[in-house]
Novice: 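One structure is given below, represented as structure tokens, and several questions about it will come after.
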Amino acid sequence: MKSFGRTNLLLLLAVVALAVAPLVLGLGSGEEPFAGADALAEEAIVNDHPDYEPWFSSIYEPPSGEIESALFALQAALGAGFLGYYFGVARTRQRLRGEQSATGEKTTD
């Protein structure tokens, strides 16, 4: 159990280092460092074909970039919540199966 905590601490430090290193090293300075793939693709299309007319538009366009970012963050939070719930249920089921097999009870699953 002690090495599990150490592993989690090392993973947390790695995530923090990956998030902070680009900011500290100034990577992407002069341009938006965290531009999305959509914005980069749009920029490349406009540069290569300035007369390009989109043949499709989104059903809903957020009124501002902040709302678009908020919707993206909400989507990410819902996905993370779903994955956390799924892994929590799976781990609990596995733990209960281990406890039932240790006591000799039969499982109904």
Side-chain angles (χ1 to χ4, degrees):
M1 193 65 156
K2 192 172 185 178
S3 66
F4 184 72
R6 187 176 302 150
T7 302
N8 284 341
L9 181 62
L10 289 174
L11 287 173
L12 181 64
L13 289 175
V15 167
V16 169
L18 286 172
V20 172
L23 298 174
V24 172
L25 297 174
L27 299 176
S29 61
E31 60 188 53
E32 188 173 345
F34 300 108
D38 293 344
L40 293 175
E42 182 179 349
E43 182 181 325
I45 290 170
V46 169
N47 287 340
D48 291 344
H49 305 285
D51 298 331
Y52 177 76
E53 291 288 330
W55 58 273
F56 182 79
S57 62
S58 301
I59 295 172
Y60 172 73
E61 294 215 15
S64 70
E66 289 82 11
I67 293 175
E68 185 176 350
S69 296
L71 290 174
F72 185 75
L74 177 65
Q75 177 185 4
L78 289 173
F82 175 76
L83 286 176
Y85 177 77
Y86 172 77
F87 286 119
V89 168
R91 183 173 179 190
T92 301
R93 281 185 182 166
Q94 185 177 11
R95 184 175 49 94
L96 290 176
R97 282 187 193 135
E99 289 176 1
Q100 287 175 347
S101 65
T103 59
E105 296 177 16
K106 285 191 170 189
T107 59
T108 58
D109 294 342

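Worth saying up front: this structure is predicted, and the values here are computed from it rather than measured. By convention here, the first residue in the shown sequence is residue 1.
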Novice: From Leu71 CG over to Glu66 CD, what is the distance, rounded to the nearest 0.5 angstrom?
Specialist: 12.0 Å

Novice: As an exercise, state the distance from CD of Glu43 to CG of Asp48, rounded to the nearest 0.5 Å.
Specialist: 10.5 Å

Novice: I'd like to know whether Val89 forms a side-chain contact (heavy atoms from CB on, under 4.5 Å) with Arg93, so could you lay out the CA-CA distance, the side-chain angles of the two residues, the decisive distance to 0.1 Å, and finally the verdict.
Specialist: CA-CA 6 Å; Val89 168; Arg93 281 185 182 166; 3.9 Å; yes

Novice: Taking atom CD as the centre, does Gln94 end up with more than 12 heavy-atom neighbours from other residues, nucleotides or ligands that are less than 6.0 angstrom away?
Specialist: no

Novice: Is it true that atom CG of Asp38 has more than 12 heavy atoms of other residues, nucleotides or ligands lying nearer than 6.0 Å?
Specialist: no

Novice: To the nearest 0.5 Å, how far apart are CG in Leu83 and CG in Leu78?
Specialist: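 Those atoms lie 11.0 Å apart.
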
Novice: Could you see if Leu25 belongs to whatever hydrophobic cluster contains Leu18? Use Ile, Leu, Val, Met, Phe, Trp, Tyr and a side-chain cutoff under 4.5 Å.
Specialist: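 No, Leu25 does not connect to Leu18 through the hydrophobic network.
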
Novice: With a 4.5 Å cut-off on side-chain heavy-atom distances among I, L, V, M, F, W and Y, is there a chain of contacts connecting Ile45 to Phe56?
Specialist: yes

Novice: So which atom in Pro22 and which in Ala17 form the shortest heavy-atom distance, rounded to 0.1 Å?
Specialist: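 The answer is CD-O, 4.4 Å.
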
Novice: Quick check for you: to the nearest 0.5 Å, what is the distance between Gln100 atom CD and Arg95 atom CZ?
Specialist: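 If we round to the nearest 0.5 Å, Gln100:CD and Arg95:CZ are 11.0 Å apart.
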
Novice: Could you check whether atom OH of Tyr85 has more than 12 heavy atoms from other residues, nucleotides or ligands sitting under 6.0 Å from it?
Specialist: no

Novice: Closest heavy-atom contact between Asn47 and Pro50?
Specialist: O-CD, 4.3 Å

Novice: Please enumerate all residues that pass side chain to side chain donor-acceptor pair (under 3.5 Å) together with Gln75, with sequence neighbours excluded.
Specialist: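 Partners of Gln75 by the side chain to side chain donor-acceptor pair (under 3.5 Å) criterion come out as none, since no residue qualifies.
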
